[in-house]
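Okay, so here's the structure we're looking at.
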Amino acid sequence: MLSAILSVALLLGTLTAIPSVMMAIRDQLYSIVLIDSFAIGWLLVIWRWRALSFTARSWHFLLVVYSVGVFFLFKVGPVSQIYLMAVPVLAALLLGLRPAIFVLILNAITLIAIGYSFNIDLQFDRYHDRPFLRWIIITLNFTFISSVITVSCAVLLRRLEESLRKQVEISLSLQEEQKSLREANEELRLISAAVDNLNDMVMITDNNLRDSGPHIVFVNKAFETTTGYSRAEALGKTLEMLYGKNSDSLEIHRMRSAMASQDPIRSEILGYTKSDEEFWLEVDIQPINNQDGLCTHYVAIERDITDRKKAELDIYRLAFFDVLTGLPNRRLLRDRMSVQLANAQRTGHFSAVLFIDLDHFKTINDARGHATGDILLIEVARRLSDVLREVDTVARIGGDEFVVLIDSLDSHIEVAGKLALKVAEKVRQALSLEFVIHGQVYSSSCSIGVSLMPKPGQSADDLLRESDTAMYRAKSAGRNQIAFFEGNMQTEVEHRLTLERDLTKALELNELQMVMQAQVNDAGVAVGAELLMRWHHKGRGMVSPAVFIPLAEESGLIVKMGDWVLQEACRILKQLQSAGHYFSLSINVSPKQFRQKDFVDKVTATLATQGVDGNYLIFEVTEGLFIDNLQETIARMSKLSDLGIRFSIDDFGTGYSSLNYLKRLPLYELKIDKSFVQDIPGDANDTAIVGSILSMARQFGLKVVAEGVETVEQANYLIANDCDSMQGFLYSRPIAPELWISQHAQEQTATGV
């Protein structure tokens, strides 16, 4: 600023001094020429002498102006006051208020001292007689005006200085903020670039947990690459866009709960891409809070851990599963057996272990090679898995040895043993079926050892040892056998297996026969008959139907036996009609037989081959037939009804009694079970039940047959209540049809009929 003022002063002073010097030379005022030249030279020296300090140069400049003013005070008069007035103003401008006040005082002293002492004429015409007063007035006025101008300039300059200082501070602050902003923008750019190029997926959501929120506000490139969703498709959607049918709903709920409580959470969950491909995600979710501590967003870092999960699964499978069949191996089996053993000891429910060894597997392996043997083992594993429940465990512990762990059979050991035997038999039959491998048929069988748990002090190793011992007992018994480790159960198993083998041969040995029990009306005249199966074993004698019928049901022999019964019914029906007895015959049809796909075709073919009218046949079925697939059952019954065959509900009231099927099925009659008949009319409850059945049958237009009628009182009650027909020892015991025909022929001869 000083340099600028000096430059202007030097320029203007030179321009002013030139005419002044020329006029002074003309008027021979050489002192003016000298002072102007001296002042211009002095200014030039100050302007050029930059080595001096600012303060020194400023005082020199003020001294030049002051000197010129004092000189002009002598030579010119009033003009000098202009120069003297400029000195304090310049002092205020350059040096501040305090030096300016000093100069004001100096100017006042100069005016009084020089003006009064030298009686300088300032063209102030008053008080010539009082010169001191005259100069006091001049000095006061000059000093007042100078002070006002000087102070005004000083204050103005001070304010300007403060304003400039503030502007400088603001400018510096803005520069700092701009620098910080540039640094922040650069940092943000780097962070954005880093986040966008991370291999991990990054999602940022808002904090709106309503409407299935929060909603996505940012995703990076890794998200687009991994999921197949573009950024535009993802924005505004919720995190659920990555979940699907196999995603763990409990884990999703846990994550949402953590977000609702603004807690960080880590999770592993199955996700889905846009093309519905599954992949595993490791998710880290963190809440983002503002400066007030309020959650405004959530950031989710997600990693594709599908390869890691596959590796973990592979390691797990290698450690706990058989590589060939995919079944649990010995290690996993022992773990599950230990858990099941502890559970059985706690609950008191018995479970079972089946040790299965294939018979003659080595022969197939040696003859056809290991590839064929491996396929056979895989097929065995599949069949075992198919015949068992999901809660049961099937394991391969090596070679051709398999172990089945059957969970929670029953709390009574005898019942549990029977159930275990039933499962073992189902397994034995499944593995006895032929195997077809590469077009070749292979026959196989298995030996099964069974051990029950829990026993006192029993361990998983004990269970394997016991069932293994039982399996070798089955091998020693001739293979394709079932053996229990428990001795008392083994006796029952051997008895049952022997009985089953004998029942299989019974048809071939003509040990099965049909007997007939008449159904009579209120007059005692036969209006129908039921055919009943009997088994006369050559070694055991008569075997009760209560023993061999359930065995036939469990083993599947009931289907073959049912076909034989139908053939026998047609033969007996023709025999009766030849003897002049035209009434219907009832035969029992098991649910397993009825549900055979070709059952209707077999019945149709048999009736046609035998030349029998279906109107004389009644199929007795139990209520259990109507529990499953009722529509299919109705359709099949309707086809049989078209052949003239009628249907009777056997043991009505003891099972699945429902008015629904009574009105929907093509039924002909109901058979009241003998358990209700035996105590009538003495027992009020049974009497009420029988009466209700009779009344209901009339409402539905159905015939009623009462089984087990053995006393006159029972018969009288039934006749009094309009029972259509009765069956029992009171009228007829089950006898061979030929004998029944013979007896009735003799009765007719004796009465002359």
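Here ring-ring contact (aromatic ring centres under 6.0 Å, His included) pairs that include residues 337-388, with residues two or more places apart or in two chains, number zero. Pairs of residues two or more places apart, or lying in two chains, that qualify as salt bridge (Lys or Arg N to Asp or Glu O under 4.0 Å) and include a residue from residues 283-296 are R266-D284, D284-R303. Sorted by first then second residue, the side chain to side chain donor-acceptor pair (under 3.5 Å) pairs that include residues 337-347, not counting sequence neighbours, are Q340-S351, Q340-D407, N343-R346.
Taking CG from D206 and OH from Y298, the interatomic distance works out to 9.5 Å, rounded to the nearest 0.5 Å.
In the model, T273 has a side-chain atom that pairs as donor or acceptor with a side-chain atom of S275 under 3.5 Å. For the 3.5 Å distance criterion, the side chains of S261 and D263 qualify, holding a donor opposite an acceptor. Between the side chains of Y272 and E278, a donor-acceptor pair is found at a separation under 3.5 Å.
The closest donor-acceptor contact from the side chain of S247 to the backbone of G271 lies at 3.5 Å or more, if one exists at all.
Under the rule for a side chain to side chain contact (heavy atoms under 4.5 Å, CB included), the partners of N480 that lie at least two apart in sequence or sit in another chain are D359, R428, S432, S445. For Y243, there are no ring-ring contact (aromatic ring centres under 6.0 Å, His included) partners at least two apart in sequence or on another chain. Under the side-chain hydrogen bond (donor to acceptor under 3.5 Å, both in side chains) criterion, S173 pairs with no residue at all, not counting sequence neighbours.
Between T227 and M241, every side-chain heavy-atom pair lies at or beyond the 4.5 Å cut-off.
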Checklist entry - Please walk me through it: do T469 and S451 pass side chain to side chain contact (heavy atoms under 4.5 Å, CB included)? => result CA-CA 9 Å; T469 301; S451 180; over 6 Å; no
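With salt bridges taken as basic N to acidic carboxylate O contacts below 4.0 Å, none links E176 and K179. Using a 4.0 Å cut-off between charged side-chain N and carboxylate O, D386 and R383 make no salt bridge. A salt bridge does not link D400 to K362: none of the charged side-chain nitrogens sits closer than 4.0 Å to a carboxylate oxygen.
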